[in-house]
Amino acid sequence: MLKETLEYLNIHEGEWFVDCNLGGGGHTEGILKAGGNVLGVDLDPDAIKEVSKNLKEYIDKHRLILKQTNFVNIDSAVAEAVLTMKQFNNETIAISGVLFDLGVSTHQLEETERGFSFNKDAPLDMRMDPSKGASAKDLVNGLYEKELAELFLKLGEENWSKPIAKKIVQYRERKQIETTNELASIILSVRRRSPSDRTHPATRIFQALRIAVNDELNSLKGALPNAFEVLKPGGRIVVISFHSLEDRIVKQYFNSLCHPELVSESSTEFKNTEAWKMPKQVRHDKPLAKLITDKPFETTEEEANWNPRSRSAKLRVIEKL
Ligand SMILES: C[S@@+](CC[C@H](N)C(=O)[O-])C[C@H]1O[C@@H](n2cnc3c(N)ncnc32)[C@H](O)[C@@H]1O
């Protein structure tokens, strides 16, 4: 979706964009080549290291600034970038677009040691920032059976959540679960792979753990209002999401900005009180943004054939009024 993403960002020479999911730097490079400047953010120190090497020429020209942080902190990352550029050329920068390309990068899936993939045996980790927080190993060995089942159901939408949680707890009475292979074989002992399965039976459980370990939904819920805040009028937010839980958050937040008349006071989705809360809503009567994509843009059959990951991608765009 690189081409469409760049078109939706509506890039003009010299404008500044925030790439909230730097990853391998593909989108960032596209923006830079189209004439834009980028503040690139990623939780993963490997992504920052790799891109600072590969796109060094743009850093040297003060067209690319990199920051290792959670994208929920986009406001402070932008404030820092503004200061840096002010010191460099005494100009204040404004943000013309913010891009989210959510989820896990190819590098993270392929780097065995990171423990994101059930196809490679590795310590069960899954932290995007390996220096912080609980790992997947801590969760599978530390949560109660009921908590595990709830996590697999809510974040993986896994129908077999209860028997899988039960099996995990039985297994760990004998020994701790240490590796991706160990967890995948526990899952397979409950849910055999049938020839009609399009995906591996461990897919949803691994997804649920990754989302929980990195607190992905709450980060997104916090980041969207912050991204809207830093955007200049006329600027755009483009979000590419890969599963329904993320897409639902994006859709509801965008609708709340573009169709405030549809957000009722009593709508539970917009109350900030429960664990799976929506982004904080500021009550407003007039639209603050317009929807550029009425329906999400989805990948073409052609792209899905050479890039299977893109099959589940949904791209949504708003423009700040
Ligand atoms: C799908 S990849 C991005 C690929 C990138 N757009 C490219 O063109 O190569 C997602 C990246 O987002 C990062 N990420 C995920 N959640 C994040 C968060 N809350 N804050 C910052 N980075 C995050 C991951 O570490 C990963 O590198």
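Only a predicted model underlies this, so the values are computations on that prediction, with no experimental measurement involved. In listed order, ligands and their atoms are each counted from 1. Each residue takes its place number in the sequence, starting with 1.
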Item checked: Row check, F228 ring normal vs K320 NZ/CZ: under 6.0 Å, within 45° -> yes
Next item on the list: Select all protein residues for which some heavy-atom-to-ligand 1 distance is less than 4.0 Å, and list them by chain and number.
Entry: C20, N21, L22, G23, G24, G25, G26, H27, D42, L43, D44, T69, N70, F71, D101, L102, G103, V104, S105, Q108, M128, S219, R309
Notebook entry, point to check: Taking only residues two or more places apart in sequence, or in another chain, which ones meet K33 in a side-chain hydrogen bond (donor to acceptor under 3.5 Å, both in side chains)?
Noted result: E29
Check: Salt bridge check: are K3 and E303 linked by an N-O gap of less than 4.0 Å?
Finding: no
Margin query: Testing the basics here: between T180 and F206, what is the closest heavy-atom pair and its distance to 0.1 Å?
Written below: O-CZ, 3.7 Å
Margin query: I'd like to know if R127 and D125 make a salt bridge, using a cut-off of under 4.0 Å between side-chain N and carboxylate O.
Written below: yes
Notebook entry, point to check: Taking the six-membered ring of Y171, is the NZ or CZ of R174 close enough (under 6.0 Å from the centre) and on axis enough (within 45°)?
Noted result: yes
